[in-house]
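The block underneath contains the structure these notes are about, expressed in structure tokens.
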Protein chains: 2
Amino acid sequence: MAHINTTQYALLGMLSYMPMSGYDLKKFIDQSISFFWSENYGHIYPVLKKLEQEKFVTKRVEHNQGKPSKNIYSITQEGLSVLTDWLAAPVQKEIYRLEILLKLFFGYLTETGTMIEKVAVHKKTAEKTLRELLDIENHINTQHHDLPKNKPPYQLLCLNYGKHFYNMVIKWCDETLGILQAAKNNQQ
Amino acid sequence: MAHINTTQYALLGMLSYMPMSGYDLKKFIDQSISFFWSENYGHIYPVLKKLEQEKFVTKRVEHNQGKPSKNIYSITQEGLSVLTDWLAAPVQKEIYRLEILLKLFFGYLTETGTMIEKVAVHKKTAEKTLRELLDIENHINTQHHDLPKNKPPYQLLCLNYGKHFYNMVIKWCDETLGILQAAKNNQQ
DNA sequence: ACTTTATTATATCACTCTGATATATTATAT
DNA sequence: ATATAATATATCAGAGTGATATAATAAAGT
């Protein structure tokens, strides 16, 4: 067997905020947790169907003028229960597959300049994502939404991970670029 | 279509070091790049078969006394060529799926103590991996293997990423645990 | 008026990758 | 003599990715 299906819990968690369609879920995920989690239609729709069969969500059809109809899913008591069970269960082994590092590991097979370019692009991407995260943080901080009293600011804790992560990536890129550039200068 | 098959390049890259069997490849990967890359038998064997059909590797059977026979794969000139082409190609979009953050994001649905435990375990795991990385670094530094002159120390650059990453994770865990503990004390 | 393009919405498919299990051989420990 | 561990390959169900197909309506360009 593969990993347990984590997508179902991601969807249930998002539906605990509010009832949504598959299309809404994708948009919501992309706009809130995309820096550490992603889902795609090819998985969302079949998983929603499965969750409905298991009675963890209920479906109703919403007819909209000016837009196609959509299937709105709501989480059930049973769904909320399996979601909180999952929250308490141990985290599965995290799998990292960092293609940038795989290329760098085999860097000796190619020109130093090729690797410099890869790392430079990686840095640019990290800087862009960091700016987006800071925008989100700003957005959360300026809107005075009533956070539940005495509950930790979970969204900000996640965001803080992103800030730490991308700052670290930028720092590593700078260090690495320095070493690569020095080696390249030495070659000439 | 899904992502392009990156496993084939990981295997070709490893075979550029020396000819190996599928079993050897798995061991080699687990012992060298497991902190940023993983492969498993269920993928290694079919990909090796495909690489052989495409003439990017050749197979010979090695009969060993005391051990089962094994299929030793060697990279061909053509294989080396597609490998270096891949090195020069842009890095695919990196996909992050951090289950620990997904749980934390939905933390408001459960007890603060549950989330404290998750983050504490995460910290312990990071500390253990960091210690393993430092052992590998020590190992690389003490063995005086002749690094190619004027070539950047690519293995150490990758390792350095791991050190930055796990140190960052530990720092974030400490910050997060402080905030969660404060919130919990406030609840009582 | 007509066509193109963008957005909303769902479904499906080929392919990648994961983790478990099955099978077989030999070495080592009990 | 038996159990266990290590070596070695193969296979399978299921998770997850990204592309494409389909269809409805809105907006924009010609």
Side-chain angles (χ1 to χ4, degrees), chain A residues 1-11 19-31 34 36-52 54 57 59-73 86 92-99 102, chain B residues 1-11 19-31 34 36-52 54 57 59-73 86 90-99 102:
Chain A
M1 239 212 303
H3 255 206
I4 70 155
N5 177 340
T6 314
T7 296
Q8 63 184 318
Y9 300 112
L11 300 184
M20 279 184 275
S21 68
Y23 190 81
D24 295 334
L25 279 162
K26 169 82 167 127
K27 246 200 318 189
F28 199 71
I29 288 168
D30 284 350
Q31 285 166 9
S34 62
F36 68 81
W37 199 263
S38 63
E39 294 292 347
N40 51 25
Y41 295 128
H43 210 200
I44 289 173
Y45 286 111
V47 168
L48 281 174
K49 214 170 258 179
K50 186 188 138 261
L51 286 172
E52 196 195 355
E54 293 169 323
V57 301
K59 181 174 95 172
R60 67 182 166 78
V61 179
E62 191 182 275
H63 299 280
N64 299 295
Q65 68 277 47
K67 287 180 197 172
S69 302
K70 56 180 171 177
N71 305 325
I72 303 286
Y73 294 91
W86 170 75
Q92 289 180 93
K93 196 187 120 210
E94 308 262 7
I95 296 159
Y96 298 106
R97 287 193 122 213
L98 303 180
E99 196 180 308
L102 190 65
Chain B
M1 239 211 304
H3 255 205
I4 69 154
N5 178 342
T6 314
T7 295
Q8 63 185 319
Y9 301 112
L11 299 185
M20 279 184 274
S21 68
Y23 191 80
D24 295 335
L25 280 162
K26 168 79 168 131
K27 246 200 318 189
F28 199 71
I29 289 169
D30 284 349
Q31 286 167 9
S34 62
F36 67 81
W37 200 265
S38 64
E39 293 293 350
N40 51 25
Y41 295 127
H43 210 197
I44 289 174
Y45 287 111
V47 168
L48 281 174
K49 213 170 259 179
K50 186 188 139 260
L51 286 172
E52 196 196 354
E54 292 169 325
V57 301
K59 181 174 95 173
R60 67 181 166 79
V61 179
E62 190 181 274
H63 298 280
N64 297 295
Q65 67 277 46
K67 286 181 198 172
S69 301
K70 55 180 173 179
N71 306 324
I72 303 284
Y73 294 90
W86 170 76
V91 173
Q92 289 180 93
K93 197 187 121 209
E94 308 260 10
I95 295 158
Y96 298 107
R97 287 193 121 212
L98 303 179
E99 196 181 306
L102 190 64

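Each chain gets a letter, A, B and so on, in the order its sequence line appears, and its residues count up from 1.
Atom NE2 in His43(A) sits about 15 Å away from atom P in dT18(C), given to the nearest Å. Going from atom NZ of Lys70(A) over to atom C1' of dA23(D) covers 16 Å, rounded to whole Å. Atom CD of Glu94(B) is separated from atom C1' of dT16(C) by 16 Å (rounded to the nearest Å). Distance, Tyr96(B) OH to dG16(D) P: 19 Å, rounded to whole Å. Regarding Ile44(A), its CD1 atom lies at a distance of 12 Å from the P atom of dG18(D), rounded to whole Å. Atom-to-atom, NZ of Lys93(A) to P of dA15(D) comes out at 17 Å; the value is rounded to the nearest Å. Here dA9(C) presents its P atom at 19 Å from CD of Glu39(A), a figure rounded to the nearest Å. To the nearest angstrom, C1' of dA6(D) lies 15 Å from CG of Asp30(B).
Listed pair Ser21(A) / dT10(C) meets the phosphate criterion, a side-chain N or O lying under 4.0 Å from OP1 or OP2. Applying the 4.0 Å criterion to OP1 and OP2 of dT18(C), one finds that Arg97(A) has a side-chain N or O inside that range. A sub-4.0 Å separation between OP1 or OP2 of dA24(D) and a side-chain N or O of Ser69(A) is absent. For the pair Tyr23(B) and dT7(D), the criterion of a side-chain N or O lying under 4.0 Å from OP1 or OP2 is met. Remark: Tyr45(B) is in phosphate contact with dT9(D), judged by side-chain N or O atoms under 4.0 Å from OP1 or OP2. OP1 or OP2 of dT10(C) has at least one side-chain nitrogen or oxygen of Asn71(A) nearer than 4.0 Å. The phosphate of dG18(D) (OP1 or OP2) has a side-chain N or O of His3(B) nearer than 4.0 angstrom.
Residue contacts shown for Gly22(B) are limited to sugar-phosphate atoms, with no base heavy atom under 4.0 Å away. Using a 4.0 Å heavy-atom criterion, one finds that Asn40(B) contacts the bases of the nucleic acid, with or without backbone contacts as well.
Residues Trp37(A) and Ile29(A) come closest through the heavy atom pair O-CG2, 4.1 Å.
The side chain of Asn5(A) lies closest to dG16(D), out of dT17(D), dG16(D), dA11(C).
The distance from atom CG of Leu48(B) to atom CG of Leu25(B), rounded to the nearest 0.5 Å, is 6.0 Å. Separating the OH atom in Tyr41(B) from the OH atom in Tyr23(B) is a distance of 5.0 Å, to the nearest 0.5 Å. The OH atom of Tyr73(B) lies 11.5 Å from the CG atom of Asp24(B); values are rounded to the nearest 0.5 Å.
Comparing Gly42(B) and Thr7(A), the nucleotide of DNA chain D nearest to each residue sits closer to the 5' end for Gly42(B).
Salt bridge status for Arg97(A) with Glu99(A): absent, with no side-chain N to carboxylate O gap under 4.0 Å.
The nucleotide dA29(C) finds its pairing partner in dT2(D), both defining distances of the Watson-Crick or G-U wobble pair being shorter than 3.5 Å.
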